[in-house]
Amino acid sequence: MRTAKRIEKLPPYLFVGITKKIAEKRAQGVDVISFAIGDPDIPTPDHIIDRLCEAARDPVNHRYPETDGLPELRQTIADWYHKRFGLKLDSDKEILPLIGSKEGIGHMSFCFIDQDDLALVPDPGYPVYSMSTILAGGEPHYLPLTEENNFLPDLASVPTRVAEKSKILWINYPNNPTAAVADLDFFEQSVTFAKRYDLLVCHDAPYTEVAFDGYRPISLLQAPGAMEVGVEFHSFSKTYNMTGWRIGMAVGNATAINALMRMKSNLDSGINQAIQQMAIAAFNGPQDCIAKNNAIYQKRRDKVIETLNKIGLKANPPKASLYVWARIPEGYTSADYATKLIDEAGVVVTPGTGYGDAGEGYIRLSLTIPDDRLEEGLARLEKL
Ligand SMILES: *Cc1c(COP(=O)(O)O)cnc(C)c1O
C-alpha cells in the first residue's frame, strides 16, 4: 500500500508517545500520576447534560444537520460575543460552529495554504497549526516564544521575504503551553502585521474563560480592524468541561468564514444537533459553573507553583489557561527531565520540546487532575 507523502511527513502526535510510556509503566505495576494532558477532569454541568438527553429524544435531531449549524446556535454565539467582548457579529456570515475548534483550525489551513506557502506558527505551540500547514502542502515558519518577550512572538523580527510568502499568522492567548496572556497592544500589532503583508491572523482562544485572580482575557476581534484580517477560534471544551462532546466555533472575517464553510461542506455533515442544543444551553444557562471551575483550578495552580518553587523549578503563577509552564534545572534537557520524573516518581509531565524546539528547558504541568492525585503527585515531587 502506498500512502501519500503528506502522511509520511507527519511526526507522531505528541500524546501518542506519552500514552505509550504511561501504559508501559502501568503494566510494570507503577501507580502513574499524569500531569500531561489538558482535559478537564470535572464533568459537564448537569443542566447541559439534561438538555442533551431531552434533545436526543427529539427525532428532528436524528437527521443530517446543516454544515453551518442551527441558526439558533449561531445567534446564541453572536449574543455571547456581544455580552462577553462587546462585539457585534453577523450570525450568518461571521460565525461558523465547528466539530470542536481543532477541526476548524486544521481545515482553515486548507482554505489558505497552497503548495509551498508559509504559515507563521508559534514555537512552542499547539501542534495542529504546523501539522495542518504541512498536510495542506505548505511549510510552517516558527516564531519562538521566549520568556524575555513574555512568550509573545516578535513580529518585527520576521524577515520580509518570509512575511510576504506567509498566508496565515497563528496566535494563541491565553497560551498553551506557556500559559502566557496577551493584551490589546499585541493584538493591534498582529492586525497591523496582517494588513501589511496581506495575510490572515488566526487567533486560537479556547482559554478566555479559564482565568484567575479576577483577570479577564480579551478577544483578538476587539482590536480595531481585526474583522478585516482576523478569525478567532473558540470552544465549549475548556469553558464548560465539554471536550468529549466536540463543539466549538470560528468567528470573524466573513471571507475566511465562508471559505471554511465551503471546505467543511465537502468533508463533514455538520455537528450532531443534540450537541448543538447542549452548546446553546451552555451559553444561555447559569454561568456560575465557570467561576466554580476556575476556583478549583486556581487552588491547584497555587499548590503546583508552591511545590515547584520549593524544589527549585522556576515557575510564575499563570493568570489564565489550564497549565503551568516551568523552567527545569540546568544540566537537563526537557525530555531527560520528564523521563527522570516518570522513572523516579511515577509522575508524568510534558517535555517543553513536545511543542517545538523553543520549548527546550521547560516542562508543562496540566491542572486538570483530581485534587487527591494532584496532591499525591506533588508530594512525590517534593520527596524526589
Ligand atoms: C484544547 C485546545 C484546543 C481544542 O479545543 P477543541 O474545541 O476541543 O477542539 C484548541 N487549541 C488549544 C490551544 C487547545 O489547548
Side-chain angles (χ1 to χ4, degrees), residues 13-15 18 35-44 48 69 73 77 80 95-109 119 121-133 140 143 145 151-153 168-182 201-211 217 219-220 231-252 260 264 267-268 270-272 275-276 278-279 282-283 293 297 318-325 350 352 354-356 359 364-369:
Y13 194 65
L14 166 66
F15 291 113
I18 293 170
F35 287 83
I37 294 184
D39 186 353
D41 56 304
I42 308 160
T44 309
I48 299 174
L73 173 59
I77 293 169
W80 185 80
I95 291 177
L96 182 64
L98 301 168
I99 311 169
S101 58
K102 180 179 180 181
E103 175 264 299
I105 291 166
H107 285 142
M108 193 58 106
S109 290
V121 173
D123 172 11
Y126 185 62
V128 187
Y129 318 136
S130 51
M131 294 307 134
S132 60
T133 303
L143 304 181
L145 307 184
F151 299 109
L152 299 169
I168 301 184
L169 164 66
W170 288 102
I171 54 176
N172 160 225
Y173 295 96
N175 185 259
N176 178 10
T178 70
V181 297
V201 48
C202 286
H203 182 224
D204 183 18
Y207 297 105
T208 67
E209 307 316 292
V210 186
S219 164
L220 164 75
V231 163
E232 187 157 272
F233 291 92
H234 212 300
S235 178
F236 293 86
S237 286
K238 315 291 165 49
T239 310
Y240 299 102
N241 309 329
M242 285 175 60
T243 49
W245 301 110
R246 312 309 304 131
I247 186 159
M249 62 275 202
V251 306
L260 187 55
K264 280 169 56 58
L267 293 172
D268 66 63
I271 309 155
N272 181 323
I275 292 171
Q276 296 189 53
M278 292 175 84
F283 268 172
N293 280 348
Y297 295 136
K319 283 191 198 164
S321 86
L322 294 172
Y323 311 105
V324 170
W325 185 242
T350 325
Y355 301 92
R364 193 197 76 169
L365 288 89
S366 166
L367 302 174
T368 55
I369 154 170

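Here the structure is a predicted model, which means the values were calculated and not measured. Counting convention: from 1, in listed order, for ligands and their atoms alike.
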Regarding ligand 1, does S235 bring an N or O atom to under 3.5 Å of one of the ligand's N or O atoms? yes
Spatial distance of atom NE2 (H234) from atom OG1 (T208) [nearest 0.5 Å]: 2.5 Å
Has the side chain of R364 got a donor or acceptor atom that lies under 3.5 Å from a matching backbone atom of V324? no
Nearest-0.5 Å distance, CG of residue D41 to CG of residue L367: 9.5 Å
Any R246 heavy atom less than 4.0 Å to ligand 1: yes
Verify whether the ring centers belonging to F151 and Y173 lie closer than 6.0 Å. no
Mark the output for S101 as yes if a heavy-atom distance to ligand 1 is under 4.0 Å, and as no if none is. yes
Taking only non-hydrogen atoms of G100 and a 4.0 Å limit, the atoms of ligand 1 in range are 7 (O), 9 (O)
Does the N or O separation between Y126 and ligand 1 drop below 3.5 Å for any pair? no
Heteroatom proximity flag, Y129 to ligand 1, N/O under 3.5 Å: no
Does the N or O separation between N176 and ligand 1 drop below 3.5 Å for any pair? yes
Report yes if K238 has an N/O atom closer than 3.5 Å to an N/O atom of ligand 1; otherwise report no. yes
Ligand 1 to Y207, heavy atom cutoff 4.0 Å, flagged ligand atoms 1 (C), 14 (C), 15 (O)
Please list, in number order, the atoms of ligand 1 under 4.0 Å from a heavy atom of S237. 6 (P), 7 (O), 8 (O)
Would you please say whether a donor-acceptor pair under 3.5 Å links the side chains of N272 and R246? no
Which residue holds the protein heavy atom closest to atom 13 (C) of ligand 1, what is that atom called, and what is the gap in Å? D204 OD2, 3.2 Å
Hey, is T243 one of the residues with a heavy atom under 4.0 angstrom from ligand 1? no
Closest approach of I99 to E103 (non-hydrogen atoms, all atoms of both residues): N-OE1, 2.8 Å
N/O donor-acceptor pair under 3.5 Å between S130 side chain and P127 backbone: yes
With a 4.0 Å cut-off on heavy atoms, does P206 reach ligand 1? yes
Mind telling me whether Y240 and F283 have parallel, tilted or perpendicular rings, with 30° and 60° as the class edges? perpendicular
Roughly how far, to the nearest 0.5 Å, is the NZ atom of K238 from the OG atom of S321? 10.0 Å
Answer side chain, backbone, both or neither: which part of L98 comes under 4.0 Å from ligand 1, heavy atoms only. neither
